[in-house]
Amino acid sequence: MENNLKDLDELGQNLAKLSGIIDRIKKVGDVISPGNESWANVISDQKDKTDNNVFRVLVMGAFNSGKSSMINALLGERVLPVATLPATAIITELYYSEAKKIVMYPKPGKWQGGDEPFSIPVEDMKKYCLIDNNAEAMAKLDEDTKIIESPFEKMVVYWPLDILKKGVVIIDSPGLDDPYNHDDIAQNYAKKASAIIYLYGKDGMRGGDTAQLQDLNNLGYRSIMMVQTHYDIVLQDLADEDGDPASYVQQTDSNFSRYSDLSKEAFHHVSSRDALTAKKNGDTKLLRESGFEALE
């Protein structure tokens, strides 16, 4: 962990340098191409990623790919709600704080309690951030859209997690391919992200995954970490079929490598369930075997 924090110190210094470079590029652009909106938008997007020495890490993936479970394992507690149906309807931002706190940010005019942000207990989180996708709720939706809109813009979780100390912000997004929600919530956040962690489940790469990764590449995003969740289930399936885990990992990582410029060290296969159990019990062996130690 000490080495990780030193790396984050260096990251902050590099972000500050990069911000200065972008400022100089903007001045050059204003001279050689004044009024060029396309140029200005690109510069503005890059500036957003470097201002205030904040490094935004966006967690993306299809619904039920294990995003919330992975973040719970990072936190060492079951904080975010986990469900088998499309669940987390809003963006969740994680910031460092010595005191644990959760704050809800309503959309203007959408929340019955008003527009001001308010704190909630951890145990009440499900009431505010899960999609109501039961049959009765779905029956009330417009047949052409089938969209459930959350009354909240985002949820902010303040937590004493060391990796968040140096300006890193982890962002958990709603599931892509979610039939009850808008994909553009995550995609809009991707424009502000410094890096992306893309999660996929035990079934490996699916058509929706490849389409989303290609979309990210088309937007210029190549700093993408690939993380397969539920790897404990994958290992059990491989054992039942006399499969070779090393060959499986090699093939899977090879399939995804075309979408990322990061090295093979950025490709991980983890069991969030085992990692969370290991942290709760102080089991260093299980944590290592879960794949989470390497990921962190």
Side-chain angles (χ1 to χ4, degrees), residues 1-16 19 48-59 66-82 87-88 90-106 111 113-130 152-174 189 192-197 199 225 227 270 272-284 286-288 290 292-296:
M1 181 58 71
E2 183 179 348
N3 288 334
N4 290 342
L5 294 178
K6 287 180 180 177
D7 289 342
L8 291 173
D9 280 331
E10 183 178 348
L11 171 64
Q13 295 166 9
N14 288 334
L15 285 175
S19 181
D48 286 345
K49 295 178 186 180
T50 58
D51 271 356
N52 303 318
N53 293 348
V54 174
F55 191 80
R56 298 178 182 89
V57 181
L58 178 63
V59 180
K67 297 184 305 300
S68 297
S69 294
M70 189 200 76
I71 291 180
N72 284 339
L74 279 173
L75 297 175
E77 256 182 75
R78 193 178 296 277
V79 179
L80 302 185
V82 177
T88 315
I90 58 176
I91 284 285
T92 302
E93 298 178 351
L94 276 67
Y95 290 85
Y96 181 81
S97 173
E98 291 291 343
K100 298 176 181 178
K101 184 172 68 171
I102 298 174
V103 180
M104 305 299 303
Y105 287 77
W111 175 243
D115 295 344
E116 293 299 312
F118 59 95
S119 299
I120 63 169
V122 173
E123 58 269 22
D124 287 350
M125 190 183 296
K126 285 186 179 181
K127 300 177 184 178
Y128 296 95
C129 70
L130 290 189
F152 299 102
E153 176 186 345
K154 64 180 179 180
M155 174 172 66
V156 176
V157 177
Y158 296 93
W159 210 259
L161 182 63
D162 280 344
I163 199 170
L164 301 176
K165 276 184 176 180
K166 304 290 184 175
V168 172
V169 177
I170 297 176
I171 303 161
D172 182 29
S173 61
Y189 258 76
K192 302 177 182 179
S194 305
I196 292 170
I197 298 177
L199 269 61
M225 290 181 64
V227 178
V270 305
S272 300
R273 178 180 61 184
D274 287 350
L276 182 57
T277 299
K279 288 189 175 184
K280 285 184 174 181
N281 298 332
D283 189 336
T284 56
L286 181 60
L287 183 63
R288 183 171 60 255
S290 75
F292 231 78
E293 189 174 66
L295 172 62
E296 290 182 309

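- Heavy atoms only, all atoms of each residue included: Val103 and Ser119 are closest at CG2-OG, 3.9 Å.
- A donor-acceptor pair under 3.5 Å is absent between the side-chain atoms of Ser290 and the main chain of Val270, judged by distance alone.
- Here the side chains of Asp162 and Lys165 are in contact, with some heavy-atom distance below 4.5 Å.
- Considering CE of Met225 and CD1 of Ile197, their distance stands at 5.0 Å, rounded to 0.5 Å.
- Here the shortest heavy-atom pairing between Met125 and Ile120 reads CA-CD1, 3.9 Å.
- Nearest heavy atom pair, residue Tyr158 against residue Ser97, reads CB-CB, 3.5 Å.
- Relative orientation of the Trp111 and Phe152 rings is tilted, given thresholds of 30° and 60° on the angle between their planes.
- Using a 4.5 Å heavy-atom threshold, the side chains of Val59 and Leu199 count as touching.
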Side-chain atoms of residues 71-82: list all donor-acceptor pairs with protein atoms under 3.5 Å, sequence neighbours left out, distances to 0.1 Å.
residue : atom : partner : partner atom : Å
Asn72   : OD1  : Val79   : N            : 2.9
Asn72   : OD1  : Leu80   : N            : 2.7
Asn72   : ND2  : Ser68   : O            : 3.4
Asn72   : ND2  : Leu80   : O            : 2.8
Glu77   : OE2  : Lys100  : NZ           : 2.5

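- For the atom pair Asp172 CG and Glu93 CD, the distance stands at 11.0 Å (nearest 0.5 Å).
- Note that the CG atom of Leu94 and the CE atom of Met155 stand 8.0 Å from one another [nearest 0.5 Å].
- The two residues Leu164 and Trp159 make their nearest non-hydrogen contact at CD1-O, 4.2 Å.
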**Prompt:** Please walk me through it: do Val168 and Val57 pass side chain to side chain contact (heavy atoms under 4.5 Å, CB included)?
**Reply:** CA-CA 7 Å; Val168 172; Val57 181; 4.2 Å; yes
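- Rounded to the nearest 0.5 Å, atoms CE (Met104) and NZ (Lys154) are 11.5 Å apart.
- In plain terms, the two heavy atoms of Tyr96 and Leu161 that are nearest each other are CD1-O, 3.2 Å.
- Taken from CD1 in Ile171 to CG in Leu58, the straight-line distance is 5.5 Å, to the nearest 0.5 Å.
- Between the CZ atom in Arg273 and the CG atom in Leu286 there is a gap of 10.5 Å [rounded to 0.5 Å].
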